[in-house]
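Have a look at the structure below, then the notes.
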Amino acid sequence: MSKVFVNIGLSLDDYMAPEGMTMDNPGYKNWGAKWGALMAWIINQQYFRALMAWIINQQYFRENLKFGSGGETGPVNDLVRSTMERIGANIMGKRMFDQGESVWPEEAPFHTPVYVLTNEKREPWVRPGGTTFYFINDGPERALELARESAGSRDIRIAGGADVIQQYLNLGVVDELEIALAPVLSGGGRRLFENLREPGPQFRIDRVLDGPAATHVRYVRQ
């Protein structure tokens with residue numbers, strides 16, 4: 001059976017993103033520079049380049065998103081490859097979709113079905129390269145059911161944002177957490193591990209990979 005996993009970047013103080021920042025205003029409270037260390041796909045914003053080097057410079061990431069040839073190989077590149085190749089479907093929230101819709105290239109960087117949790121009624125949005133966005137009005141359980149059907153033997157990534165990840169943690173369906181812990185202190189914003197019910201799911205450390213710009217930790221549910 002396919003696994004459900006979270007794969008995100010996180011600051012040292014447990015923040016994923018700031019309240020009040022949008023892709024049109026990445027300089028909000030200097031969060032553009034801070035958030036750039038955490039986010040992988042907003043590569044066309046000048047604010048983010050310096051702090052995103054850990055993934056932008058990886059050969060597989062560059063080739064997969066058609067940024068050109070070259071790039072670094074090695075353990076971090078292998079990690080990026082294995083993570084991206086295992087995904088058969090993505091789930092995200094409406095806020096994440098709205099922010100991405102304005103900045104993703106025409107060939108959106110998912111190459112899978114993407115299920116968007118929303119109250120908005122909208123027809124599927126088909127993009128080149130295998131990405132189709134489906135807008136789900138029936139809650140997280142229904143989105144997961146559809147994602148399992150389309151993913152087949154591959155895995156399902158809960159892409160974000162924080163509130164969506166929390167919903168799936170509270171449902172008890174997350175099998176793995178893959179966190180790229182960036183050396184950034186954000187000081188505020190949306191925390192990943194808020195609003196969790198008691199008792200929460202229990203995880204064990206499965207792997208730790210030290211990179212030059214982030215520490216990559218995989219937690220597996222016990």
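Just so it is clear, the model here is predicted, and its values are computed rather than measured.
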Quiz item: When you measure from the side chain of Asn170 to the backbone N and O of Asn195, does any donor-acceptor pair fall under 3.5 Å?
Solution: yes
Self-check item: Gap separating the CD1 atom of Ile205 from the CG atom of Leu177, nearest 0.5 angstrom
Solution: 11.5 Å
Quiz item: With the 4.5 Å side-chain cut-off for hydrophobic clustering, are Val164 and Ile179 part of the same group?
Solution: yes
Quiz item: In the hydrophobic clustering (ILVMFWY, side-chain contacts below 4.5 Å, transitive), which residues join Phe5, or is it alone?
Solution: Ile87
Quiz item: Do Arg218 and Glu176 meet the salt-bridge criterion of a basic N to acidic O distance under 4.0 Å?
Solution: yes
Self-check item: Minimal non-hydrogen separation, Asn137 against Asn119, with atom names
Solution: ND2-C, 3.6 Å
Exercise. Identify the heavy atoms of Ile91 and Ala147 that sit nearest to each other, and give their distance.
Key: CD1-CB, 4.0 Å
Quiz item: In Å, rounded to the nearest 0.5 Å, how long is the span from CG of Leu144 to CG of Leu171?
Solution: 8.0 Å
Practice problem: Output all residues satisfying side-chain contact (heavy atoms from CB on, under 4.5 Å) with Gln202, sequence neighbours left out; order by chain, then residue number. | Solution: Gln222
Quiz item: Can you name the side-chain hydrogen bond (donor to acceptor under 3.5 Å, both in side chains) partners of Thr83, sequence neighbours left out?
Solution: Glu178
Exercise. Using the test salt bridge (Lys or Arg N to Asp or Glu O under 4.0 Å), find all partners of Glu101 that sit at least two apart in sequence or belong to another chain.
Key: Arg122
Quiz item: Got a second to check how far Arg95's CZ is from Leu117's CG, nearest 0.5 Å?
Solution: 13.5 Å
Quiz item: What residues, two or more places apart in sequence or in another chain, satisfy side-chain contact (heavy atoms from CB on, under 4.5 Å) together with Glu85?
Solution: Tyr60, Arg81
Quiz item: Mind checking whether Val173 and Ile8 sit in one hydrophobic cluster, side chains of I, L, V, M, F, W, Y counted as touching below 4.5 Å?
Solution: yes
Quiz prompt | Heavy-atom donor-acceptor pair, Arg221 side chain to Gly172 backbone, under 3.5 Å | solution = yes
Quiz prompt | Sequence-distant partners of Phe135, ring-ring contact (aromatic ring centres under 6.0 Å, His included), two or more places apart | solution = Phe97
Self-check item: Interatomic spacing from CD1 in Ile165 to CD in Glu194 - rounded to 0.5 Å
Solution: 12.5 Å
Self-check item: side-chain hydrogen bond (donor to acceptor under 3.5 Å, both in side chains) involving Lys94 - partner list, sequence neighbours excluded
Solution: Asp98, Glu120
Self-check item: Partners meeting side-chain contact (heavy atoms from CB on, under 4.5 Å) with Asp210 (sequence neighbours left out)
Solution: Val208, Thr215
Quiz item: Quick one: side-chain contact (heavy atoms from CB on, under 4.5 Å) partners of Pro124, sequence neighbours excluded?
Solution: Thr132, Tyr134
Quiz item: Is it the case that one hydrophobic cluster holds both Val6 and Val220, taking links as side-chain heavy atoms less than 4.5 Å apart, direct or via other members?
Solution: no
Quiz prompt | Contacts of type ring-ring contact (aromatic ring centres under 6.0 Å, His included), residue Tyr168, not counting sequence neighbours | solution = none
Quiz prompt | Side chain His111, main chain Gly130, donor-acceptor under 3.5 Å | solution = no
Exercise. Can you see which heavy atom on Asn90 is nearest to which on Ala159, and at what distance?
Key: OD1-CB, 4.2 Å
Self-check item: Pairwise distance CZ(Phe133) to CH2(Trp125) - rounded to 0.5 angstrom
Solution: 6.0 Å
Quiz item: Does the side-chain contact (heavy atoms from CB on, under 4.5 Å) test come out yes or no for Phe110 and Met92, once each step is laid out?
Solution: CA-CA 11 Å; Phe110 299 99; Met92 70 176 59; 3.5 Å; yes
Quiz item: For the atom pair CD (Glu149) and CD1 (Ile156), what is the distance rounded to the nearest 0.5 Å?
Solution: 10.0 Å
Quiz item: Of the non-hydrogen atoms in Glu106 and Pro128, which two are nearest, and what is the gap between them?
Solution: O-CD, 3.3 Å
Quiz item: Hey, are the side chains of Val76 and His216 touching, using non-hydrogen atoms and a 4.5 Å cut-off?
Solution: yes
Self-check item: Listed partners of Asp175 passing side-chain hydrogen bond (donor to acceptor under 3.5 Å, both in side chains), at least two apart
Solution: none
Quiz item: Could you give all pairs that pass the salt bridge (Lys or Arg N to Asp or Glu O under 4.0 Å) test and reach residues 123-133, with sequence neighbours left out?
Solution: none
Quiz prompt | Side chains of Asp155 and Ser2, donor plus acceptor under 3.5 Å | solution = no
Quiz item: Would Arg148 and Glu145 count as a salt bridge (charged side-chain N to carboxylate O under 4.0 Å, His left out) if you check the C-alpha gap in whole Å, the side-chain angles of each, and the deciding distance to 0.1 Å?
Solution: CA-CA 5 Å; Arg148 287 194 190 279; Glu145 179 183 349; over 6 Å; no
